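Here is the naming used below: chain letters follow the sequence lines, and residue numbers restart at 1 for every chain. Model, not experiment: these values are computed from the prediction.
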Amino acid sequence: MSAQHRTAAPRTSGSLARSRPRYGEFAVKVVLLLAALVSVLTTVGIVVALLEPTIEFFSEVGLGEFFGSTTWGPLFNPPAFGVWPIIVATLEITLIAIVVAVPLGLASAIYLSEYATPRVRKVLKPVLEVLAGVPTVVFGFFALTFVTPLLQDVFPFLGLDGKNALSAGLLVGVMIIPIVASLSEDSMAAVPNGLREGSYALGASKMITSVRVVVPAAFSGIVAAIILAVSRAAGETMIVAIAGGFKSVFTLNPANEMATMAAFIAQAGSGDASVGSTAYKTIFAVGSLLFVMTFAMNYLSARMVQKYREVYD
Amino acid sequence: GGDAKPTSEGTSAAAAPGESQGAALSGEVKTDGSSTVAPLTQAASELFGEEQPQVKVPVGSSGTGGGFEKFCNGETDISNASRPIKDEEKAACEAKGIKFAELTVATDALTVVVSKENDWATCLTTDQLKKMWEPAAEGKVKTWKDVDPKFPAEELKLYGPGTDSGTFDYFTDEINGEEGASRKDYSPSENDNDIVTGVSGAKGGLGYFGFTYFEENADKLKAIEIDSGSGCVAPSVEAAQGGKYTPLARPLFVYPSAAAVKRPEVAAFLDYYVANIGTIAKDAKFIPLNPEQEAKLKSDLESLKSQG
Amino acid sequence: MAILSTPRSAVQLASKGRPLREHLFRIALLASLAIAIAFLAMLIVYVVEEGWPRLDSTLWENQPSIRRPETAGIQSGILGTLWIIGLTALMALPTGILAAIYLEEYADKTKWYNRLIELNISNLAAVPSIVYGILGLGMIARWMQFGFTVMTGALTVSLLVLPIVIISAREAIRAVPPSIREGSLALGATQWQTIYRQVLPASVPGIATGSILALSRAIGEAAPFLMLGAATLVRFNPEGVWSTFTVLPLQIYSFIARPQEEFAVLAAAAIVILLAILLLMNSVAIWLRNRYQKRW
Amino acid sequence: MSDVRNPLPTGTAVPRNPMPTSGTAVPRNPMPTSGTAEIGVSVPNVSVRGPEVPRTIEALDPVFTVSGLSVFYGDYEAVRGVDMTIGNREITAMIGPSGCGKSTVLRCFNRMNDLIPGARAAGKILYHDEDLYGDHVDPIEVRRRIGMVFQKPNPFPKSIYDNIAYGPKVNGVKGKMDDIVEEALTKAALWDEVKDKIKQNALSLSGGQQQRLCIARAIAVKPDVILMDEPCSALDPIATTKIEDLMQELTRDYTIVIVTHNMQQAARVSDRTAFFTAEVDADGVRHGRLVEFDETSRIFTNPSDKRTEDYITGRFG
Amino acid sequence: MSDVRNPLPTGTAVPRNPMPTSGTAVPRNPMPTSGTAEIGVSVPNVSVRGPEVPRTIEALDPVFTVSGLSVFYGDYEAVRGVDMTIGNREITAMIGPSGCGKSTVLRCFNRMNDLIPGARAAGKILYHDEDLYGDHVDPIEVRRRIGMVFQKPNPFPKSIYDNIAYGPKVNGVKGKMDDIVEEALTKAALWDEVKDKIKQNALSLSGGQQQRLCIARAIAVKPDVILMDEPCSALDPIATTKIEDLMQELTRDYTIVIVTHNMQQAARVSDRTAFFTAEVDADGVRHGRLVEFDETSRIFTNPSDKRTEDYITGRFG
Ligand SMILES: Nc1ncnc2c1ncn2[C@@H]1O[C@H](COP(=O)(O)OP(=O)(O)OP(=O)(O)O)[C@@H](O)[C@H]1O
Ligand SMILES: Nc1ncnc2c1ncn2[C@@H]1O[C@H](COP(=O)(O)OP(=O)(O)OP(=O)(O)O)[C@@H](O)[C@H]1O
Ligand SMILES: [Mg+2]
Ligand SMILES: [Mg+2]
Ligand SMILES: O=P([O-])([O-])[O-]
C-alpha cells in the first residue's frame with residue numbers, strides 16, 4: 001500500500017507544477033477587485049458631480065465673499081453668499097447633538113461592555129440597533145410635533161421658535177447615540193482582558209477599572225466613534241429640515257430657527273433655483289464644502305483608529 | 001410604465017390612438033413643479049383615474065423652479081407653476097426645442113394672517129406690508145410699533161414660504177417691487193403648517209400663504225384685509241374671482257409641453273382637467289376660475305393641440 | 001513583616017463603604033442607556049397613538065388622495081419602498097460582499113491602492129446622504145439618463161449603503177478564525193475554494209445581519225429622494241425598474257406639509273408602518289444572529 | 001498497534017530515583033548539590049530531604065487553608081475537592097497538565113473568579129483564619145492584599161510611572177508617590193533599567209521588563225501574597241532567569257503562589273509543590289484534582305503517587 | 001542576589017549521561033530498554049544507538065533537503081541559515097524554546113508561509129530533488145502533497161463526513177467518497193468512535209477526536225508528508241497518547257515532521273530531532289538558529305552542543 005502511495009506521488013521533476021490551469025482564480029480576483037472599485041467610482045462620481053458647478057460658482061462669486069461675509073441668502077434678491085451662518089448653524093446643531101450623544105452613548109457603551117451580563121447585552125444591543133435604524137423623517141416628525149411643543153410647555157422662558165436648533169440638535173443627538181455607543185463598545189471590547197484583570201488584581205473597583213483603564217485604553221477608538229458620529233450629525237438633513245428650519249440668519253441662540261448646510265441643500269435642491277443660475281450652483285458649492293468637511297473629519301478618524309490598532313498589535 | 005427607455009417619448013399609448021372618451025388608454029403623464037399647484041393636479045389625477053385607470057399621473061412637487069428645470073430638460077410632460085415662467089427658463093426650454101402653452105387653471109388669494117390674539121390689526125396697506133418685508137427692514141423693523149406707531153410694541157415675528165417657492169416670488173414681486181427681494185430674517189418654510197403653528201403661537205406673528213391654508217385653519221388664525229389704495233378687502237373666493245383682491249390674488253398655471261400633448265393619454269388628461277376644472281378647484285380647495293377665465297383656458301388648450 | 005502589618009482580625013477584609021459610589025455609577029450608566037431607549041419607546045408610543053385612527057386596512061389598500069385624506073392610503077409608498085429595498089439588496093449586497101472579500105482575503109494592505117480603497121470606503125460611510133442625492137441626480141438620473149425611476153433611486157441608495165455593507169461584511173469575514181482558512185489551504189484548496197466553501201458559509205449569519213441593518217438604513221432614507229425630486233403624489237404602484245415611484249419616507253414628508261389635520265394622522269400611521277417594516281427586518285437580523293452564532 | 005509508543009529516554013524515568021543536581025548551593029530546597037553524578041541509588045536518600053518532618057502537607061504558618069474546594073463554571077465542576085495549605089513566606093508551585101484547574105484554583109485565592117459570570121467556589125478557603133468567601137468580605141479588599149501577576153505581561157498602556165502609581169492611587173494611598181514608585185521598582189529589580197525613562201510608555205519595554213513591571217505594580221500596593229499564573233511562559237530564558245531570581249528575593253517579604261507549566265521551574269524556585277491533574281469521572285466529565293501536595297524536593301525525588309511520577313518523568317503531559 | 005536560583009533536581013542534568021528507559025520494546029529508537037536501572041555509565045553506550053552510522057545529519061532517503069534556509073518576515077530575519085534533511089517515512093521532531101522559529105521552518109515545507117504578507121524564504125528546499133520554491137511550482141499542489149495538522153484542532157464547522165470529503169472534493173478526486181471517508185477515518189483511528197455519527201457536526205467531538213479528525217482530513221487527500229505543528233499541545237494526556245500512537249502507525253506510509261514544545265514527546269515519538277534556539281546577533285536582533293540535528297537518541301543522551309544539553313536538561317526554556 002505504501003508502494004502505491006509512492007506512485008501516487010511520482011518524484012519526477014515538475015510534479016509540483018500546476019496540474020490543471022486555474023484561470024478561474026484570476027478571474028475571481030478581478031471580479032472582486034472590480035466590486036471594491038465601485039466605491040472608488042462612487043467617490044469619483046461625487047467629486048465629478050460636485051466639481052464643475054462648484055468651480056463655476058467660485059468663478060462667479062469668489063472665495064472672498066463665500067468665506068469672508070456673514071450674510072447668507074443665495075435665493076434672495078439681491079443674493080448674499082456669506083456661508084458662515086449655515087456653517088455656524090451646522091456646527092451648533094452638531095454641538096448640541098454631541099453634547100447629548102457623547103455622554104449618553106459613552107455611558108451606554110461602558111454599561112454594555114463592562115457591566116451588562118451577556119444576556120442583558122443580547123437584549124439591549126438590538127434595541128440600540130433599532131434606534132439606529134429609525135428613519136430620520138420620523139425623528140424630524142417627532143421633534144417637530146412632540147419635543148418642541150413639550151419643551152415650549154415645560155420651559156416657556158427659553159422662547160423656543162416653532163422650529164429651533166435645540167429640538168433638532170437633541171434629536172440628531174438621539175439619532176447618533178447608537179453610533180457612539182456601538183463603536184465605542186467595540187473598541188472597549190477590544191481592550192485586552194488582561195488589562196482589566198491587572199486592574200482588579202490591584203484592588204481596583206469596577207468603576208475605577210472602567211473609567212481609568214478601559215476608557216483610556218479604548219480612547220482612540222472612542223474618538224473615532226465620536227468623529228464618525230459628528231460627521232453623521234453634520235450631514236443630517238431630514239431632522240434639521242423638518243425641525244430646525246431654513247432661516248438663514250447669523251445666530252447662536254439655539255432657541256432660534258436656523259438653516260444648516262444640509263438643510264440648505266435640501267431646500268434649494270428641491271426648489272425654485274433654475275439650472276445654471278448662480279443660486280443653483282450654490283447647492284454644489286455647499287455640497288462640496290460639506291463633503292470636504294466630512295472627508296477631513298473621517299481622515300482624522302481613520303488616523304485615530306490606526307493609532308489605536310498599533311497599541312495592541 | 002414598464003418601457004425600457006425612461007424618457008417621456010417612450011411612454012406612448014398601447015391602446016388605440018383614438019381620442020374618444022370611451023377608449024381605454026394607458027401610459028404615463030409625468031407632472032412636476034409647484035407644490036402649491038400640486039394638489040390641483042393631484043385632484044385632477046385622482047378624478048381622471050376613475051375614468052382612465054390605466055393612465056398614470058404621478059405628481060411631483062419640486063417647486064415651480066425645480067419643475068421647470070425638469071420640464072425644459074424634457075423630463076416631464078406637464079409643469080405646475082405658481083408664477084409665470086421666467087425668461088431664463090424659457091430660454092432653457094427653447095434650447096431643448098420644447099414648446100409649451102401657459103394654462104391658467106385656478107386662482108389663489110395669498111392670505112396674510114396674524115394670531116387670533118392680535119387685536120390691533122385688521123387691515124394693512126401694501127405699504128405697511130412692504131415696510132415689514134422689504135430687505136431694508138432686516139434687523140430694523142422688529143416690532144409692530146416700527147411699522148406703525150399706532151400699533152403696540154409687540155415683537156414682530158414673520159413667517160412665510162421658502163425662498164424657493166413661487167409664492168415667495170409672487171409676494172416679493174407684488175409687495176416689495178422686485179422678485180426675491182425680501183428681508184432674510186423671517187422663518188421660511190416649505191411646510192405651510194409651520195406658518196400656521198408659528199403665527200398662531202406668537203401674539204405678534206404674521207405670515208402669508210395660500211388661501212386654502214387659511215380656510216383649513218380659520219379657527220386658529222385671523223386673515224388681514226389688504227388695502228392697495230382702494231380700500232380694505234378681505235380675502236375671499238368672490239373677491240379673488242372678481243379681481244377685487246389685489247395685488248395678492250394670483251393665477252396658478254400648468255404648462256403642458258406641445259410634444260406631449262400629441263400623446264393621447266396626455267391629451268385626454270388635459271381635456272379632462274380643463275373640462276372639470278370647477279370640480280377640481282373645489283376638491284383641491286382653490287378658488288375656481290370665473291367664466292371668462294374658464295373660456296380662455298379652453299381656447300388656450302385647443303390652440304396648443306392644434307399647434308404644429 | 002507583611003504579616004505584622006496586616007492584623008488578622010475578622011474585619012480586615014471588610015469593605016470600606018465603596019459600594020455606594022459604585023452603585024451610583026452603575027445606575028448613572030444604566031440611566032443613560034435607559035434615556036436612549038426611553039426616547040425610542042416614547043417615539044413609538046407617540047406615533048402609534050397619533051396614527052391609531054388610521055391603522056386599518058385602508059391604509060395599505062388605498063392610494064394616497066388629496067381629495068379624501070380620511071381614507072387616503074400609502075400603498076404606492078409601501079410598494080415603492082419595497083422595490084427600492086429589493087433592488088438595493090440585489091445590487092448593493094453582492095457588490096458589497098464581493099468588495100469585502102477582496103479587502104479581507106485578497107488585498108495586500110501594503111499596496112497604496114488597497115489602502116486608498118479602504119480609506120475611501122470609511123470616508124464614504126460618513127458622506128451625508130444628501131450628497132448622495134446630488135450624485136444620483138447629476139450622475140445617474142441625468143448623465144446616465146436613467147431618469148426619475150425606481151432604478152435611479154435604487155442605484156443611489158445602493159451606493160449610499162454600499163460602504164455600510166462592506167464594513168459589516170468585512171467584520172463578519174474577519175470573525176472567521178484564520179485556522180479555518182489554514183485548514184483548507186493546507187489540504188490543497190485554492191484560495192477561492194477556501195473562501196467559497198469555508199469562509200463564506202461560516203460568515204453568512206454575520207453578513208446577513210450586517211446586510212439587514214444596512215438595508216434598514218436604506219428604508220428610512222428620504223434626503224436623497226428629495227434631491228432626486230422623486231414624485232410625492234403617486235397613485236399607482238411601481239411596475240418595473242423604469243417606473244415612476246415614491247417611497248414611504250417621502251410620502252410622510254409630504255403629508256406633514258398638508259394643511260388638513262387628517263394628513264398628520266396619516267403621517268403618523270405611515271410612520272408606524274415604516275417602523276413596523278424596520279422592526280421586522282431587525283427581528284430577522286437578531287434571529288439570524290442568535291440562531292447561527294458560531295462558537296469556535 | 002496500541003503501544004508502539006517509545007519508552008522515555010530520560011534519566012528520571014526510574015521510579016524513586018533521587019535526583020542529582022548540578023549547580024550552586026540551594027538556599028530554599030535543601031537538596032543534594034553535588035557537582036558530580038550521584039545517581040544509581042534506588043532507595044530514597046532521606047538525608048537530603050531537609051528537615052525530617054513527617055510527610056505532612058500542612059504548612060506551619062499557613063496563609064491560606066483550603067479545604068474541600070470545588071470550583072464550578074456554571075454547571076461544570078472544573079476542580080473538585082482540593083485541600084491544601086499555603087505557608088507564610090514560602091513559594092508554593094502548582095503544576096499539572098493543561099486544563100487541570102491550576103489557574104482556576106489560583107484565581108480563587110484572590111477571588112478573581114468572581115469576575116467570571118457563572119463561576120462559583122464551594123468548600124472553604126481561610127485566609128489567615130478568615131473565610132475568604134465570607135459574607136462580610138469585600139473582594140476588592142481581598143485583591144488589594146493578595147496581588148496577582150499574569151501569564152502575559154499586561155502593563156497598562158500608560159507610562160511606567162503611572163503603571164506603578166495606579167494601584168496606590170486607586171487604593172487611596174497618600175504619601176509621596178515618587179518614593180512608592182521607586183521602592184516598588186527597586187524591589188522588582190527594575191529600577192536601574194528604567195529610572196531614566198520612567199515617563200515612557202510601559203509598552204515600549206521588553207517582555208521580561210514588562211513582567212517585572214507587573215510585579216512591581218503588584219508590590220506597590222503592599223500586598224501580603226503574590227499570585228503568579230505562568231509568569232514566565234511568554235518570556236525568553238534570560239528574562240525567565242531574572243524573574244526566578246526576583247521571586248527568590250521577594251519571598252523574604254511575601255508569600256508567593258506560582259502556577260507553572262514548567263516542572264523545572266517549579267523544582268528550581270518552590271518550597272512546596274501541588275500537582276494537579278484532570279480526571280474523568282464515571283459520567284465522562286473531566287474534573288481537576290489535586291493529586292499530591294508536598295515539599296518540592298519530595299515531589300520531584302520521591303513522589304508518593306504514580307500519576308505524579310508519570311507526569312514529572314514525562315510519561316505524559 | 002543574582003544567582004540564588006535552584007539547581008535542577010532532574011536526573012538528566014548530568015552531561016553525556018546515557019539515559020535509561022523503562023518500558024516496553026522500542027521499535028523506532030533502538031535505545032536500551034532495561035526494566036531495571038542501568039545508570040551511572042558516563043560513556044556513551046554506543047551499542048544501544050542502533051545502526052552505527054557516522055554522526056551524519058543526512059537522511060539516507062531524503063524527502064526534504066534544506067540548505068541555507070533563512071526566513072524573513074518583512075525585513076526581520078526570523079530564522080537564519082538552516083541545513084537539514086528529512087528522511088523518508090521517518091518522524092522528525094523540531095524542538096526549541098518559544099519563538100525560535102520552529103513553526104516558521106515547518107511552514108516553509110508546504111509553503112504555508114506564502115500566505116503571510118511579507119514572509120519570504122531564502123536558501124533552498126528540495127522536495128524529492130525538486131526545488132520547492134522553483135518557478136514552475138504551484139503552492140497549491142505542494143500543499144496537496146504535503147499535508148498539515150495544526151496546534152489547535154481546526155475542524156471545519158461542518159459534519160464529520162464533510163470535513164473529510166472536503167480535501168478530495170476540492171482536489172477534484174472522483175471515486176466513491178464514502179470509501180475515502182471511511183478509509184481516512186480508519187487510518188486516523190477514529191472510525192470506530194464516529195461511524196455512527198458521521199453526519200454530526202465535527203465541533204461536537206472532543207478535542208482529541210477533533211485532532212484525529214484533522215489528521216484524517218489530511219490523510220484523505222493522500223499526501224506524501226504530514227507536517228504537525230504542536231498537534232498535542234491543546235490536548236489532555238489520554239488524547240495525546242492516542243495521537244502519538246497514531247503517529248507511529250502513520251509513519252509506515254507517511255513522512256512526518258512534528259514541532260513540539262514537549263521534549264518528552266519528541267523523545268518518545270521521533271527518529272530524528274532538530275533543536276532550534278533563538279540567538280541575538282551583533283545588532284541585538286533575535287534570529288532562530290538550528291543548533292543541532294541528529295538522531296533523537298543521540299540528541300537526548302549525548303548532545304554535542306552545550307545549548308542543546310542545557311535545554312533538554314531544563315536549564316532553560
Ligand atoms: N471561564 C471559564 N468558563 C468555563 N470553563 C472554564 C473557564 N475557565 C476555565 N475553564 C475550564 O476549567 C478547566 C480548568 O481550567 P484552568 O484554566 O484552570 O486550567 P489550567 O490548569 O490553568 O490550564 P492551563 O495550563 O492550560 O492554563 C478547563 O477544563 C477549562 O476548560
Ligand atoms: N507573521 C509573522 N510576522 C512577523 N514575525 C513573525 C510572524 N510569525 C512569527 N514571527 C516571528 O518569528 C519568530 C519565530 O516564530 P515562530 O512562530 O516560528 O516560533 P516558534 O518556534 O514556532 O515558537 P512557538 O513555540 O512559540 O510556537 C518569532 O520571533 C516570531 O515573533
Ligand atoms: Mg492556566
Ligand atoms: Mg510555533
Ligand atoms: O411650490 P411653489 O408653488 O411655492 O413653487
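- Both the backbone and the side chain of A/Ser39 come within less than 4.5 Å of a heavy atom in chain C.
- A/Leu34 does not touch chain C: none of its heavy atoms, backbone or side chain, sits under 4.5 Å away.
- Among C/Ala107, C/Ser122, C/Ser129, the residue with the largest count of heavy-atom pairs under 4.5 Å with chain A is C/Ser122.
- Proximity of the aromatic rings of C/Tyr46 and A/Phe142 is defined here by a centroid distance below 6.0 angstrom, and this criterion is met.
- A donor-acceptor pair shorter than 3.5 Å can be found between the side chains of A/Ser205 and C/Glu22.
- For A/Ile46, the parts lying under 4.5 angstrom from a heavy atom of chain C are both the backbone and the side chain.
- If you measure heavy-atom distances from C/Leu43 to chain A, the contacts under 4.5 Å come from both the backbone and the side chain.
- Of the listed residues (C/Ile134, C/Ile252, C/Leu162, C/Ile286), the one with the most heavy-atom contacts under 4.5 Å to chain A is C/Ile134.
- Counting heavy atoms from C-beta on, the side chains of A/Tyr115 and C/Phe25 come closer than 4.5 Å.
- The closest side-chain donor-acceptor pair between A/Glu25 and C/Thr190 falls under 3.5 angstrom.
- Residues A/Thr54 and A/Ser288 bring a donor and an acceptor atom of their side chains to less than 3.5 Å of each other.
- Of the inter-residue distances, the one linking A/Thr90 atom OG1 with A/Leu289 atom CG reads 8.5 Å to the nearest 0.5 angstrom.
- Note on A/Asn298, A/Thr136, A/Leu37: by heavy-atom pairs under 4.5 Å with chain C, the leading option is A/Asn298.
- Contact tally against chain C (heavy-atom pairs below 4.5 Å) for A/Val48, A/Val130, A/Leu144: the top residue is A/Val130.
- In this structure, chain C has a heavy atom under 4.5 Å from the side chain of A/Ile177, while its backbone stays farther away.
- Separation of atoms CG (C/Leu226) and OG (C/Ser254) is listed at 10.5 Å; rounding is to 0.5 Å.
- Ion pairing of C/Arg217 with C/Glu221 is present here, as a side-chain N (NZ or NE/NH1/NH2) and a carboxylate O approach within less than 4.0 Å.
- A donor-acceptor pair shorter than 3.5 Å cannot be found between the side chains of C/Ser32 and A/Ser108.
- Proximity to chain A (any heavy atom under 4.5 Å) is restricted, for C/Leu279, to the side chain, taken from C-beta onward.
- If you measure heavy-atom distances from A/Val174 to chain C, the contacts under 4.5 Å come from the side chain alone.
- Only the side chain of C/Leu275 comes within less than 4.5 Å of a heavy atom in chain A; its backbone stays farther off.
- With a 4.5 angstrom heavy-atom cutoff, C/Leu274 touches chain A only via side-chain atoms.
- Residue C/Ala218 does not touch chain A at all, counting heavy-atom pairs closer than 4.5 Å.
- By number of non-hydrogen pairs under 4.5 angstrom with chain A, the leading residue of C/Pro128, C/Ala264, C/Ala125 is C/Pro128.
- The contact between C/Asn282 and chain A is made entirely by side chain atoms (from C-beta outward), counting heavy-atom distances below 4.5 Å.
- Heavy-atom contacts from other residues, nucleotides or ligands closer than 6.0 Å to OH of A/Tyr299 number 12 or fewer.
- Among A/Val137, A/Leu33, A/Leu228, the residue making the largest number of heavy-atom pairs under 4.5 Å with chain C is A/Leu33.
- Considering CG of C/Leu288 and OG1 of C/Thr209, their distance stands at 5.0 Å, rounded to 0.5 Å.
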Open item on the list: Test side-chain contact (heavy atoms from CB on, under 4.5 Å) on A/Thr42 and C/Leu135; report intermediate values, then the result.
Closed with: CA-CA 8 Å; A/Thr42 308; C/Leu135 169 76; 4.0 Å; yes
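- Pairing each heavy atom of A/Ile110 with each of C/Leu29, the nearest pair is CG2-CD1, 3.6 Å.
- Interface check for chain A: of the options C/Gly138, C/Ala126, C/Ala270, the most heavy-atom pairs under 4.5 Å are formed by C/Ala126.
- Using a 4.5 Å cut-off between heavy atoms, A/Leu106 makes no contact with chain C at all.
- Both the backbone and the side chain of C/Pro249 come within contact range of chain A, each with at least one heavy atom under 4.5 Å from a heavy atom of that chain.
- Both the backbone and the side chain of C/Met42 come within contact range of chain A, with heavy atoms under 4.5 Å apart.
- Atom CZ in C/Arg142 sits 9.5 Å away from atom CG in C/Leu228 (nearest 0.5 Å).
- Ranked by non-hydrogen atom pairs under 4.5 Å with chain C, the options A/Thr145, A/Val100, A/Leu290, A/Leu41 are led by A/Thr145.
- For a residue to count as touching a neighbouring chain, one of its non-hydrogen atoms must lie under 4.5 Å from one of that chain's; by this rule A/Leu112 touches chain C with the side chain only.
- Top candidate by heavy-atom pairs under 4.5 Å with chain A, chosen from C/Ala222, C/Ser216, C/Ala99, is C/Ala99.
- Put simply, the side chain of C/Thr156 does not reach to within 4.5 Å of the side chain of C/Phe225, judged on heavy atoms.
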TODO: Let me see the working for C/Arg170 and C/Glu105 under salt bridge (charged side-chain N to carboxylate O under 4.0 Å, His left out), right down to the final yes or no.
DONE: CA-CA 9 Å; C/Arg170 282 187 71 176; C/Glu105 303 284 331; over 6 Å; no
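- A donor and an acceptor atom, one from each side chain of A/Thr294 and C/Asn123, are nowhere located under 3.5 Å apart.
- With a threshold of 4.5 angstrom between heavy atoms, C/Ile219 does not approach chain A through any atom at all.
- Side-chain atoms of C/Tyr102 and C/Asn114 form a donor-acceptor pair, as typed in the model, at a separation below 3.5 Å.
- Only the side chain of A/Leu124 comes within contact range of chain C, with at least one heavy atom under 4.5 Å from a heavy atom of that chain.
- Looking at A/Val211, the atoms closer than 4.5 Å to chain C (heavy atoms on both sides) all sit in the side chain, from C-beta outward.
- Contact of C/Ile256 with chain A is made through the side chain alone, with heavy-atom distances under 4.5 Å.
- C/Tyr132 touches chain A through its side chain: at least one heavy atom from C-beta onward sits under 4.5 Å away, while N, CA, C and O do not.
- Of the listed residues C/Val127, C/Ile35, C/Leu30, the one with more heavy-atom pairs under 4.5 angstrom with chain A than any other is C/Leu30.
- Looking at A/Val127, both its backbone and its side chain come within 4.5 Å of chain C, counting heavy atoms on both sides.
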